[in-house]
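Below, chain A is the first sequence line, B the second, and so on; all start at residue 1.
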There are 2 protein chains.
Amino acid sequence: MRRTSLNEADCPIARALDAVGDWWSLLIVRDAMFGLRRFGEFQKSLGMAKNILTARLRGLVAAGILDAVPNGAHNDYVLTRKGRDLFTVLVALRQWGETHQFPEGACPVELLDRENRQPVGALELRAADGRRLSADDTMIRLRN
Amino acid sequence: MRRTSLNEADCPIARALDAVGDWWSLLIVRDAMFGLRRFGEFQKSLGMAKNILTARLRGLVAAGILDAVPNGAHNDYVLTRKGRDLFTVLVALRQWGETHQFPEGACPVELLDRENRQPVGALELRAADGRRLSADDTMIRLRN
DNA sequence: AAGTACGGTTTCATGATGAAACCATTGCAA
DNA sequence: TTGCAATGGTTTCATCATGAAACCGTACTT
């Protein structure tokens, strides 16, 4: 996959990208979250080369993001807890893409609250005491 | 950069990844958000090849994520609004990396609320009416 | 028994990446 | 003013990753 490995990095962002920072992995996770599970479904949805898909699926399984569960002759690829926890990352990318990669209001896909079919709100970062935080309100600290 | 282009995709996640889905871009943005702005600072921080850094900086400028502002003989690379809005994406990756790519509590870097120096809370997704939402509470819809 | 769909693997050409060398400009010092 | 080093790149080239296509084995259909 990647030439230089970041899985020893101190930064959790770097380590996260080491697992899912390539061109395809997050799209596979997106499709898995939508319900796809078969090799052919992913391949058709993503239009990617089959050998690359094989490599990515193996990588995601090795990373503990997908489980390969035997089903008949072949495997179903289903998200683990770790994989499902990428939901927030996907939502963040989605919301950024909606507002910055489409003309105003032109994004044809919406993420809705299932209960009342309304668009969801923007992801929010809050302090322990509940205040909303922006980038400037935060800082990085190295532990000990 | 990428062999197959996703900038025509309907999915905002795909479009987002088309801009920042490669190995280095989000790490550059992370560093820029931390305050780095000079070519040499990025190169030293990331340890990446200079020609690749050149290509990535150009790509990020072309995508409107960084501005190249002349400073003396050379450029400073500073985040645009669009680039700063990637903060949420970075926080999502950070939180996922903290919990899943390190042993429990072993992540050496913390994101703090600047005001009271406490760790920030987890990113939250909420419905219009304020309910907290998980993946299962949401659905995708194609507009019209 | 033959055909077809599925889930891959193999092969090969080509594009992206990375290391190293190279170069131009600026700042500084002798 | 000349020389030298630091900065910010660009060029070159070897190597790795990607992608298209062909191929293959198994299972299910007819």
Original post:
Does a nitrogen or oxygen in the side chain of Trp24(A) sit under 4.0 Å from OP1 or OP2 of dG19(D)?
Top reply: yes
Could you list all N or O pairs between the protein and nucleotides 2-9 of chain D that sit under 3.5 Å apart?
{"residue": "dT7(D)", "atom": "O3'", "partner": "Arg38(B)", "partner atom": "NH2", "Å": "2.9"}
{"residue": "dG8(D)", "atom": "OP1", "partner": "Arg38(B)", "partner atom": "NE", "Å": "2.4"}
{"residue": "dG8(D)", "atom": "OP1", "partner": "Arg38(B)", "partner atom": "NH2", "Å": "2.4"}
{"residue": "dG8(D)", "atom": "OP2", "partner": "Gly40(B)", "partner atom": "N", "Å": "3.1"}
{"residue": "dG8(D)", "atom": "O4'", "partner": "His74(B)", "partner atom": "ND1", "Å": "3.4"}
{"residue": "dG8(D)", "atom": "O4'", "partner": "His74(B)", "partner atom": "NE2", "Å": "3.2"}
{"residue": "dG8(D)", "atom": "O3'", "partner": "His74(B)", "partner atom": "ND1", "Å": "3.3"}
{"residue": "dG9(D)", "atom": "OP2", "partner": "Tyr77(B)", "partner atom": "OH", "Å": "3.2"}
{"residue": "dG9(D)", "atom": "N7", "partner": "Lys50(B)", "partner atom": "NZ", "Å": "2.6"}
{"residue": "dG9(D)", "atom": "O6", "partner": "Lys50(B)", "partner atom": "NZ", "Å": "2.6"}

In whole Å, I'd like the distance from the [atom1] atom of [X] to the [atom2] atom of [N].
| X | N | atom1 | atom2 | value |
| --- | --- | --- | --- | --- |
| Met48(A) | dG7(C) | CE | C1' | 14 Å |
| Arg56(A) | dG19(D) | CZ | P | 8 Å |
| Asp76(A) | dC6(C) | CG | C1' | 13 Å |
| Asn71(A) | dG8(C) | CG | C1' | 16 Å |
| Ile52(B) | dG18(C) | CD1 | P | 5 Å |

Original post:
Under the 6.0 Å and 45° cation-pi test, does Arg15(A) pair with Phe102(B)?
Top reply: yes
Subject >> Trp23(B) side-chain proximity, nearest of dA19(C), dG19(D), dT17(C) >> reply: dT17(C)
Original post:
Is a salt bridge present between Asp85(A) and Arg81(A), judged by a nitrogen-to-oxygen distance below 4.0 Å?
Top reply: yes
**OP:** Determine, for Asp113(A) against Arg126(B), whether the closest basic-nitrogen to carboxylate-oxygen distance falls under 4.0 angstrom.
**Re:** no
Subject >> Heavy-atom donor-acceptor pair, Arg114(A) side chain to Asp136(B) backbone, under 3.5 Å >> reply: yes
Original post:
Given Lys82(B) and Gln101(A), is the side chain to side chain contact (heavy atoms under 4.5 Å, CB included) satisfied, shown in steps?
Top reply: CA-CA 10 Å; Lys82(B) 183 174 179 180; Gln101(A) 299 290 82; 2.8 Å; yes
**OP:** Please name the residue in the list Asp76(B), Asn75(B), Thr80(B), Ile28(B) that meets the side chain to side chain contact (heavy atoms under 4.5 Å, CB included) test with Leu66(B).
**Re:** Ile28(B)
Subject >> Sub-4.5 Å side-chain heavy-atom contact between Leu27(A) and Leu6(B) >> reply: yes
**OP:** Starting at OG1 of Thr54(B), measure out to CZ of Phe42(B) and round the result to the nearest 0.5 Å.
**Re:** 12.5 Å
Grab the N/O contacts between the protein and nucleotides 28-30 of chain D below 3.5 Å, and write none if there aren't any.
none

